[in-house]
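Take a look at the structure set out below.
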Amino acid sequence: MTAADSAYGPTPLSTPISAGIVASLVGFTSSFAVVLTGLRAVGATPAEAASGLSALCVTQALGMMWLARRYRQPITLAWSTPGAALLAGTGVVAGGWPAAVGAFVTVGILIVLTGLWPRLGALVSRIPVPLAQAMLAGVLLPLCSAPVAAFADSPALIAPVAVVWLVVLRFSTRWAVPAAFVAAAAVIAADLIGSGTSIATSDLVPGIDWTVPHWTWQATIGIAVPLYIVTMASQNIPGTTVMASFGFRIPWRASMTVTGTGTVLGAFAGGHTINLAAISAALSANPGAHPDPKRRWIAAFSVGCSYLVLALLATALATLVAAAPAGVVETVAGLALLGTLAASLFGALEHAADREATVLTFLVAASGLTFAGIGSAFWALVVGLVVRAILRRQSPIATAPEETG
């Protein structure tokens, strides 16, 4: 019996390992459809999107395994699900897929600089959280409403997915989206059998498609800047807060260096962004993973090992998604993002003083407009910041008569 066991009672090594496996399965199955949707939206072919999903699995796996082992903390990494949702709402920019890859590289460089240069992190933290949340909520709205439109078009295909999600949600929030994906897979399989469509074995074999990045100012402003802000505001900063709630202090510089470098390297294979996990971090950091906090790093290491295995399934899953009837995958993605949409709306409207600015930010982001080749996410943030600055500057003047009267 070890010293830890004597203090906390004997706990088998299988406990943190199983916790890590569960965390990886939940994280992967609940959001990989969003990732594929986002990558396809900015111009990736099915093969390039599959390559991007594999790259994300590998880079985050290696990153969290190194961080967990090096710092003996359950530091869990993830791909940016809100970032993937942002890509889905952005669409193809000038320069197409290579330009999007160039934007991903830029995001990775910015993340590294955030860890090395505190002033950049301070600048990002000055962006009002309600505006960032409103921008994200606006981007998510069309995706979350997709199941409604899909049900209207194909109720027989969408109803089983929605019903399974709702039933499982009643008993387990964690497993609701994975269960919905299983139902969607059954629907896709039934459709393929019914239509007599076959999938070539070669389309299931894992592979990497390398892309030479190309930089355009439209992609830099329309993809890189919003993606960086969303990743920092919705993933990295909340991730440190979640870990702190369990008594762990994230090594900020090392984490930003690892995730930023991983993002740069993964971008060449199509991955958009890796970052600190937020919600899923709790699965490895809570006492259920291991009573002894000093042993919970094993759970995060187990997550990384599991993602290396899941990377081998990325191509097969991408092929399945590409063969899906219209609306089925969009339904799974929309259901997966409902919780994020709810949290974003709450964060956007929590402060009454900024509600006009946040509502306008939300509306512009949800509009899907493209101006000067730049998507709505960037313009939503610009409009929100301008309106907020004007209203806050006018506020003292407007209240002066009441205060002096």
Practice item. Compare all side-chain heavy atoms of Arg70 with those of Leu67 and state whether any distance is below 4.5 angstrom. Key: no
Review point. Within the distance-only criterion (no hydrogens, no angle test), does the side chain of Asn275 pair as donor or acceptor with the backbone N or O of Ala78 below 3.5 angstrom?
Key: yes
**Study point:** Distance (rounded to the nearest 0.5 Å) between Ile250 CD1 and Asn236 CG
**Key:** 9.5 Å
Revision key, fill the gap. On a heavy-atom basis, the closest approach of Leu283 and Ala23 is CD1-CA, 3.7 Å
Revision key, fill the gap. On a heavy-atom basis, the closest approach of Ala85 and Val34 is N-CG1, 4.0 Å
Exercise for review: Check for a donor-acceptor pair, side chain of Ser376 on one end and backbone N or O of Ala365 on the other, with a separation under 3.5 Å.
Suggested key: yes
Review point. Could you walk me through whether His272 and Leu87 pass the side chain to side chain contact (heavy atoms under 4.5 Å, CB included) check?
Key: CA-CA 9 Å; His272 66 296; Leu87 296 179; 3.8 Å; yes
Check your understanding: Looking at Leu110 and Leu120, what are the two nearest heavy atoms and their distance?
Key -> O-CD2, 3.6 Å
Check your understanding: Counting only N and O atoms by type, is there a donor-acceptor contact under 3.5 Å from the side chain of Ser51 to the main-chain atoms of Ala269?
Key -> yes
**Study point:** Gap between atom CG of Leu25 and atom CG of Leu310 - 0.5 Å precision
**Key:** 6.0 Å
Check your understanding: More than 12 non-hydrogen atoms from neighbouring residues, nucleotides or ligands closer than 6.0 Å to CZ on Arg174, yes or no?
Key -> no
Check your understanding: Less than 4.5 Å apart, any side-chain heavy atom of Cys57 and any of Phe28?
Key -> yes
Review point. Just wondering, are more than 12 heavy atoms of other shown residues or ligands nearer than 6.0 Å to CZ in Arg72?
Key: yes
Point to revise | Aromatic ring proximity Phe181/Trp165, centre distance under 6.0 Å | key: no
Point to revise | Under 3.5 Å donor-acceptor, Ser31 side chain and Gly27 backbone | key: yes
Practice item. Evaluate the side-chain proximity of Phe362 to Leu141: yes if any heavy-atom separation is below 4.5 Å, no if none is. Key: yes
Check your understanding: Looking only at heavy atoms, what is the nearest atom pair of Gln73 and Arg249, with distance?
Key -> NE2-O, 3.1 Å
Exercise for review: Spell out, as yes or no, whether a donor-acceptor pair under 3.5 Å connects the side chain of Gln218 to the backbone of Val93.
Suggested key: no
Exercise for review: Measure from the side-chain N and O atoms of Arg355 to the backbone N and O of Leu349, and report whether any donor-acceptor pair falls under 3.5 Å.
Suggested key: yes
Check your understanding: Out of curiosity, Leu62 CG to Met65 CE, how far, rounded to the nearest 0.5 Å?
Key -> 6.5 Å
Exercise for review: Report yes if some heavy atom in the side chain of Thr358 is under 4.5 Å from a heavy atom in the side chain of Leu131; otherwise report no.
Suggested key: yes
Check your understanding: What class does the angle between the rings of Phe301 and Trp297 fall in, given that below 30° is parallel, 30 to 60° is tilted and above 60° is perpendicular?
Key -> perpendicular
Review point. So which heavy atom on Ala179 is nearest to which on Val164, and how close?
Key: O-CG1, 3.5 Å
Exercise for review: Using the side chain to side chain contact (heavy atoms under 4.5 Å, CB included) rule, take Ile75 and Phe248 through it: C-alpha gap first, then chi angles, then the decisive distance, then the call.
Suggested key: CA-CA 9 Å; Ile75 302 172; Phe248 298 100; over 6 Å; no
**Study point:** Side chain to side chain, Arg295 and Pro16, heavy atoms closer than 4.5 Å
**Key:** no
Review point. Knowing that exactly one of Val386, Ile229, Val364 qualifies, which makes a side-chain contact (heavy atoms from CB on, under 4.5 Å) with Leu381?
Key: Ile229
Practice item. State whether a side-chain donor-acceptor pair under 3.5 Å links Thr106 with Trp215. Key: yes
Practice item. Measure the shortest side-chain to side-chain distance between Trp97 and Thr45 over non-hydrogen atoms and say whether it is less than 4.5 angstrom. Key: no
Exercise for review: Walk me through it: do Val58 and Tyr307 pass the test side chain to side chain contact (heavy atoms under 4.5 Å, CB included)?
Suggested key: CA-CA 7 Å; Val58 172; Tyr307 266 103; over 6 Å; no
**Study point:** Ser284 side chain vs Ala281 backbone, donor-acceptor pair below 3.5 Å
**Key:** no
Exercise for review: Using modelled atom types only, decide if a donor and an acceptor are shared between the side chain of Ser234 and the backbone of Thr231 within a distance under 3.5 Å.
Suggested key: no
Review point. How many angstroms lie between CD1 in Ile21 and OG in Ser306, if you round to the nearest 0.5 Å?
Key: 4.5 Å
Side-chain polar contacts of residues 254-268 - donor-acceptor pairs under 3.5 angstrom, sequence neighbours left out - could you list them?
{"residue": "Ser255", "atom": "OG", "partner": "Pro251", "partner atom": "O", "Å": "2.9"}
{"residue": "Thr257", "atom": "OG1", "partner": "Arg253", "partner atom": "O", "Å": "2.8"}
{"residue": "Thr259", "atom": "OG1", "partner": "Ser255", "partner atom": "O", "Å": "2.8"}
{"residue": "Thr259", "atom": "OG1", "partner": "Met256", "partner atom": "O", "Å": "3.4"}
{"residue": "Thr261", "atom": "OG1", "partner": "Thr257", "partner atom": "O", "Å": "2.7"}
{"residue": "Thr263", "atom": "OG1", "partner": "Thr259", "partner atom": "O", "Å": "2.8"}
{"residue": "Thr263", "atom": "OG1", "partner": "Ile274", "partner atom": "N", "Å": "3.1"}
{"residue": "Thr263", "atom": "OG1", "partner": "Ile274", "partner atom": "O", "Å": "3.4"}

Exercise for review: Specify the closest pair of heavy atoms between Pro147 and Ile158, including all atoms of both residues, with the distance to one decimal.
Suggested key: O-CG2, 4.2 Å
Exercise for review: May I ask you to test the Pro128-Leu385 pair for a side-chain heavy-atom distance under 4.5 Å?
Suggested key: yes
Practice item. Kindly compute the distance separating CD1 (Ile390) from CD (Glu356), expressed to the nearest 0.5 Å. Key: 12.5 Å
Check your understanding: Just wondering, do Phe378 and Thr90 contact through their side chains at under 4.5 Å, heavy atoms?
Key -> no
Side-chain donor-acceptor distances from residues 323-342 under 3.5 Å, at least two apart:
{"residue": "Glu330", "atom": "OE1", "partner": "Gly327", "partner atom": "N", "Å": "3.1"}
{"residue": "Thr331", "atom": "OG1", "partner": "Gly327", "partner atom": "O", "Å": "2.7"}

**Study point:** Distance in Å, Leu39 CG paired with Phe104 CZ, rounded so as to fall on 0.5 Å steps
**Key:** 5.5 Å
Check your understanding: Do Tyr228 and Thr273 pass the side chain to side chain contact (heavy atoms under 4.5 Å, CB included) test, and can you show the C-alpha distance, the side-chain angles, and the key distance before you say yes or no?
Key -> CA-CA 9 Å; Tyr228 169 69; Thr273 316; over 6 Å; no
